[in-house]
Participant: 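Here it is: the structure, laid out below.
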Amino acid sequence: MRDTLRWAYALNQWNIRMDVFVRHEDQRRALKTLSALGFGHIELAAGTGRWDNLGRPEVIEINHGSPEGFLAFLRSCSVNGVSSMFWDPGQPVEEEGWAFRSTRNRDDHAAIVESAKPFVDFLAAIGAEQLVARPVGSAWMQPPLGRDDIAAIGEVWNSVGKVAAAAGVGLALHYDCLSAVHTADELRRLLDATDPELVGLALDTAELTIGGIDPVAFYEERHERVTHVHLKDTRYADTGEEYRMPGAETTMLRGGAGRRIERWFFELGTEGGLVDVKAFVAALRRHGYPGWVVVESDHGGNPAELAMLNSWYLQQELSVART
Amino acid sequence: MTADQLAQRSETPERRIKWSYMDHWRSNGPAGPVDQWHSHRTMSSFLKQIKAVGFDAIDTFDFRLWQMYGDYGGPAKYQEMVQDHGLERIVNIFHAADYDLRNYAPHVPETHENILEDFRVTMGHWSSVELDNIIVMPATLYYDMEPVTEDKLKISAELWNKVGEITAGYGVKLTCHHEFFCGIQSEPDIEVFYSYTDPRYVSLFIDTAQHCIASVDPVALYRRHAHRVSGFHFKDTRNVAAGDDHRHRPDSEIMAPTTGKWFYEMGTPHGLVDFEAMMTAVRDNDYRGWISVEHDKANKDGGDYAESTAIARWYAVNVLEKIYR
Amino acid sequence: MAWTKWSYMDHWVTETPQGPQPPSFNRAYMDRYIKQLSALGFKGFDTFFFYLPMIEGMYGSVKAFEHFLQDNGFEKITGIFSAYPYATKYTAPHVPETHDRIVADCMATVRAVEGLSVENFIVMPSTTYFQVEPVTDEKIKIMADLWNRVGQMTLEHGMRTTCHFEFWGAIRTREQLDLFFRYTDPRYVYFFCDTAQHTIAGVDPLQMFRDYRDRCTGFHFKDTHTVDEHEAYRTPPDPELMAPNVTRWFYEMGTEGGLVDFPALMREIVTSGYDGWLTVEHDKAELGGGSYAEATCVAKWYIDNVLAEAQAEAEAQLEAGR
Amino acid sequence: MTDIRWGYALNQWKPQFDDFVRREQHERALKTVSIAGFEGVELTAGTGRWEPLGNPQQLIANFGSLTGFREFLSGCGIAAVSSWFYDPQQRSMEHLTPPYSPLVAADVTGIVTRAEWFAGALAQLGGSVLVVRAAPSAGDVGPLDDAALRRLADCWTAVGRATLAHGVRTALHVDFLSSLRRPGALDRLLGLADPAAVGLAVDTAELTVAGLDPVEVIRRHRGRVWHVQYKDALAADTDEEYLQPHAEYSVRQRGGSREIPRWFAEPGAHGGLVDFAAVTRALLDIGYAGWVVFESDQSPHPATSALLGGYLLQRDLRPVTAAAVEAAAR
């Protein structure tokens with residue numbers, strides 16, 4: 001994509017189950033698809049195990065020998081590099097002995113900082129700019145956040161941010177609609193509890209919208225803190241309570257209960273989309289946003305079709321040149 | 001880059017080749033697989049995807065005509081929708097006829113008047129849009145034509161000369177596409193056939209996969225006949241027809257015992273077509289105009305049209321356009 | 001009498017608005033899945049340890065899920081599959097320092113199904129071959145020690161620990177299998193016969209069953225089209241999905257080109273007097289455009305139409321011999 | 001036992017013209033139907049080389065003979081072809097004939113000839129019912145006045161008599177695009193046709209989408225119900241959109257102005273409008289003897305549809321029929 005903004009695409013929409021998107025030829029097809037659509041950079045997502053083989057530095061190394069080997073793999077498909085990687089330290093992984101860690105628990109902080117290091121080193125080695133992190137776990141799994149909780153969360157991210165900055169990598173905290181940091185106020189407090197030099201915000205247009213926060217307004221308010229963007233659309237907003245349902249990952253986001261909405265995230269330009277994508281992108285341009293804009297669709301059907309529809313929207317509706 | 005700059009880019013003079021997409025397509029609907037003609041919504045989604053990967057135009061089948069009339073108001077109106085999605089136009093149409101020895105068989109002279117009348121009517125229907133080619137399979141199924149004799153080839157050639165004259169009257173080239181399972185598919189038969197056809201009225205349409213399956217080298221064939229080649233289907237295959245595959249009753253295309261899926265998008269692993277050699281030949285002959293990408297039945301065996309289309313386009317940009325564009 | 005104790009091993013993928021997903025996508029999909037298995041007449045249900053929390057989430061408890069199964073004609077949950085396919089510094093059966101952790105994990109799984117009458121606690125006794133090699137006597141003994149411990153523990157909770165050998169695991173040849181069973185205590189460690197995995201590894205599953213009949217507590221009836229003759233089993237990073245030349249190892253019973261002689265196995269089972277559960281499995285059935293629902297139908301059709309005949313033959317022979 | 005036999009329609013496996021052509025696909029579908037608990041299959045008439053199960057000529061081309069096809073079926077655990085669905089409006093590549101209309105007197109001979117062709121084959125395949133599309137779409141031919149109904153009655157009487165000669169009954173299939181859904185039209189048509197030659201094929205979903213209650217239709221025409229198709233309806237055509245031109249395409253396929261994603265589904269589908277237990281009781285009440293064919297028309301997942309249908313049959317409907325048998329014995 002040739003534009004004043006820098007565009008990338010998230011691979012997560014291909015990796016929808018543990019046993020798919022494992023073979024290199026499948027990954028090559030996805031990379032070529034993105035390349036053909038004009039995307040030169042991708043976002044990775046952390047995972048676990050031998051089948052999530054784009055999900056952890058040590059597993060990527062078993063597959064490609066070295067960070068350089070991995071870049072060569074990308075470049076064989078005309079994808080130039082990696083913009084960023086998404087990581088959730090609260091997600092138990094096999095490689096960490098399925099440890100369950102929480103950023104609000106100060107006893108876990110040292111381990112969280114330690115576990116961030118391989119990711120930071122890997123991102124630095126492949127020239128990626130941002131570690132995109134989930135700041136805190138789902139709301140339904142924990143009591144409401146007190147003031148000290150936000151302080152504790154801020155502390156650990158400042159520490160991670162320091163490690164990242166030393167390696168030349170940025171750290172951006174990603175708001176999501178199930179998170180314990182849910183309201184605009186809570187999000188502001190989290191930003192205020194972190195050092196602007198070390199920690200930025202990853203603004204996800206669909207997640208904010210579902211969570212009841214207007215992404216355009218919030219961006220206007222805190223644009224100086226936004227260092228990373230996920231651009232996607234949604235057709236629904238939370239009623240205000242669904243994110244608290246037990247098992248919200250399934251009961252809310254997969255329609256297991258409540259209003260039974262089985263798909264929340266959609267491609268740009270979807271009928272009935274709630275995100276004002278054009279206004280948001282115009283705001284990015286107006287403020288000279290310097291970071292990556294990562295287009296994604298999460299899990300929503302046929303990955304190649306979604307990528308094509310997203311690219312079409314960029315070209316036709318946002319006047320971004322494909323090559 | 002702004003829209004204006006983008007428009008300027010597409011007018012840059014150095015591009016000699018434009019890419020069209022032959023519109024086979026399936027996607028998953030709520031009640032099972034549907035084609036793009038299912039609704040305006042699915043059509044729009046299809047056109048967006050074709051545009052997104054950088055195709056310039058589309059090809060289509062002429063049996064879609066009735067739906068174009070019923071649902072869009074005719075070919076010209078349908079083409080407006082194509083253009084609204086940023087694509088140039090409809091470049092070629094494929095005339096898929098029901099070949100039958102009783103009333104529609106190029107090697108049977110008694111059926112010729114019926115065929116000629118079919119083309120007079122068809123060309124009238126399409127006169128509202130500008131087309132480059134109307135593409136035909138120039139023979140019946142192989143088993144309906146065999147033994148393939150010089151006489152039958154000559155009779156077929158005479159028919160297509162006359163058809164070509166009709167289509168030329170509408171400014172459209174009649175061009176022949178040789179399916180591996182049709183009566184005119186082997187190298188010697190193709191050569192005899194073209195020796196009897198009039199280059200003014202009958203062109204050759206190279207389908208890289210079909211020739212390859214029929215054990216004909218598409219590059220050599222093209223080099224021999226380049227002056228009368230009016231278009232291409234760039235698609236790949238992983239299998240050459242063996243034994244009676246080309247004359248399997250009742251059908252070879254889907255039912256041949258050896259092979260469940262014949263066609264693949266270009267850029268597929270284990271593909272048999274040498275596209276780089278093909279593109280080099282296209283360059284050497286200074287061909288200018290359209291190349292069509294096709295991969296029919298891409299959805300078989302778990303495949304996916306959207307992905308195949310993107311991969312094929314990737315291949316065009318990253319491999320073929322480096323040779324000639 | 002037709003064999004009634006057929007169970008189904010819980011691999012399955014179904015279309016959802018978020019793409020092809022396991023039925024645990026949400027409760028409605030799970031219900032539909034169980035109904036489909038019920039329509040085919042399965043009586044037992046095997047699942048993975050990692051699905052237990054999801055089942056609890058959807059049905060309130062594993063017990064409540066079992067009631068749902070029973071409302072649909074099932075007898076019960078028959079087996080729980082637990083595995084460490086990938087060695088980490090925390091868990092690796094060939095590394096003694098990790099054993100306490102593994103035993104504790106197994107204990108947690110056992111507790112999750114406490115009070116049900118699950119029969120088999122099915123384990124992969126090793127991780128991937130390439131993470132263990134060279135595979136030595138000593139390492140096999142270490143793994144055997146671990147499963148002796150686990151086996152004793154699960155038996156106290158009414159479940160038999162039974163070992164399911166992957167073609168890409170560290171215990172795969174006939175010699176390695178024999179050694180492993182020599183080192184394990186027949187009171188605590190049992191044999192689970194996966195027909196496809198052994199066949200791929202070049203081991204005859206029928207002979208394995210004959211030789212370990214007394215320790216055999218179950219089967220995965222699944223087929224393969226390929227014997228691994230090019231050491232695919234030791235390819236890093238993963239031989240199961242990433243072997244260079246084989247994109248699909250596993251097939252349901254009854255496909256063209258299948259290598260396992262299921263009728264012979266069925267006759268052997270009947271003749272041997274084995275009367276436990278027989279489990280149908282076909283993981284990765286969706287590869288190449290396949291569908292789990294259809295694969296399950298075709299496999300069950302094979303049971304009712306081909307294996308039933310083999311069973312009847314063997315029973316008639318037994319009868320005649322009496 | 002009751003005199004009901006259970007079948008499944010194969011049409012859901014063929015969403016597009018180039019699907020479901022290869023033998024191994026047929027084999028897997030038939031095994032699926034068999035193992036889901038069904039005894040027979042219903043075929044749909046089709047034409048050309050990508051319709052191997054579409055007509056007698058294609059069956060012979062593919063299986064050597066009708067006996068060869070019957071053996072293929074029984075090899076998959078399917079006892080019989082229950083029935084064949086035939087729409088005279090389909091042109092025939094095998095006969096080089098254009099679409100026929102039962103409203104056009106000149107077409108009747110052609111329709112009768114074709115019907116006999118199917119009936120003769122059906123008899124050899126163990127089937128007993130030719131299911132015919134009773135009338136073209138309302139939007140294409142307008143309302144059916146008395147003269148039109150009489151022409152339909154004459155056509156189907158001729159067809160029915162001809163198929164009976166092969167031991168096969170002709171049953172009129174009323175779909176939701178047909179004018180026969182209007183008050184009194186179906187009564188009138190059945191009244192005009194020879195009751196010995198022409199019966200009714202009750203399609204639960206088509207009637208429901210058309211706003212008719214299948215239970216009521218069964219009771220009302222008790223002596224004339226010769227065939228039954230069980231499929232579920234997910235929505236009803238409440239706005240009479242069936243009267244639009246090209247409704248086959250714009251309403252049935254695309255879903256009309258509401259863009260109904262899917263009118264039909266397998267019996268018992270979530271949100272389905274048909275009460276199959278009630279329909280089954282109604283059939284038992286009238287002493288129905290014959291095939292009940294499960295259908296989904298189209299399905300995103302054919303094997304799943306067959307299994308969910310099988311579940312409904314085994315769990316909910318067989319107990320209903322068993323109870324009726326028991327009650328009769330007492």
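Chain letters run A, B, ... following the sequence lines, proteins first, then strands; residues in each count from 1. Basis for what follows: all heavy atoms, side chains included, without hydrogens, waters or symmetry-related copies.
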Participant: Side chain, backbone, both or neither: which part of D:Pro245 has a non-hydrogen atom closer than 4.5 Å to chain B?
Facilitator: neither
Participant: Shortest non-hydrogen contact from D:Arg22 to B:Thr259?
Facilitator: NH1-O, 3.3 Å
Participant: For D:Trp50 and B:Glu253, work out which heavy atoms get closest and say how close.
Facilitator: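 What the structure gives for the nearest pair is CZ2-OE1, 3.1 Å.
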Participant: State, yes or no, whether a side-chain contact exists between B:Asn299 and D:Gln16 at a heavy-atom distance under 4.5 Å.
Facilitator: no
Participant: Should we say atom NE2 of B:His40 is surrounded by more than 12 heavy atoms from elsewhere, each under 6.0 Å from it?
Facilitator: yes
Participant: Between D:Gln253 and B:Val34, is there a side-chain heavy-atom distance shorter than 4.5 Å?
Facilitator: no
Participant: Contact part of D:Gln25 toward chain B, heavy-atom cut-off under 4.5 Å: side chain, backbone, both or neither?
Facilitator: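 Answer is neither: D:Gln25 stays 4.5 Å or more from chain B.
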Participant: Write down the atom of B:Ile254, the atom of D:Val21, and the distance for their closest heavy-atom approach.
Facilitator: CG2-CB, 3.6 Å
Participant: Could you report the tightest heavy-atom contact between B:Ala31 and D:Pro261, atom names first, then the distance?
Facilitator: CB-O, 4.4 Å
Participant: Name the member of D:Arg49, D:Glu24, D:Gln298, D:Arg23 that forms the most heavy-atom pairs with chain B at distances under 4.5 Å.
Facilitator: D:Arg49
Participant: Looking at D:Met93, D:Gln12, D:Gln58, which one has more heavy-atom pairs under 4.5 Å with chain B than the rest?
Facilitator: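 Highest number of heavy-atom pairs under 4.5 Å: D:Met93.
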Participant: Identify the residues of residues 99-107 of chain B whose heavy atoms come closer than 4.5 Å to a heavy atom of chain D, ordered by number, or report 'none'.
Facilitator: B:Asp100, B:Arg102, B:Asn103
Participant: Is chain D contacted by the side chain of B:Asp296, its backbone, both, or neither, given a heavy-atom distance below 4.5 Å?
Facilitator: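 Contact with chain D: none, neither part.
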Participant: Measuring only between side-chain heavy atoms, which start at C-beta, is B:Met255 closer than 4.5 Å to D:Pro52?
Facilitator: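 A side-chain contact under 4.5 Å exists here.
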Participant: Are any of the side-chain heavy atoms of B:His24 and D:Asp18 separated by less than 4.5 Å?
Facilitator: no
Participant: Can you give me the closest heavy-atom contact between B:Gly29 and D:Pro300, atom names plus distance?
Facilitator: O-CB, 4.3 Å
Participant: Which answer fits B:Asp251, side chain, backbone, both or neither, if we ask what part of it has an atom under 4.5 Å from a heavy atom of chain D?
Facilitator: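 The answer is both parts of B:Asp251.
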Participant: For a salt bridge (Lys or Arg N to Asp or Glu O under 4.0 Å) check, start with the C-alpha distance between D:Asp19 and B:Lys297, then their side-chain angles and the critical distance, and finish with the verdict.
Facilitator: CA-CA 9 Å; D:Asp19 291 322; B:Lys297 311 187 182 59; over 6 Å; no
Participant: Non-hydrogen atoms of chain B under 4.5 Å away: do they reach the side chain of D:Phe264, the backbone, both or neither?
Facilitator: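 Neither the backbone nor the side chain of D:Phe264 comes within 4.5 Å of chain B.
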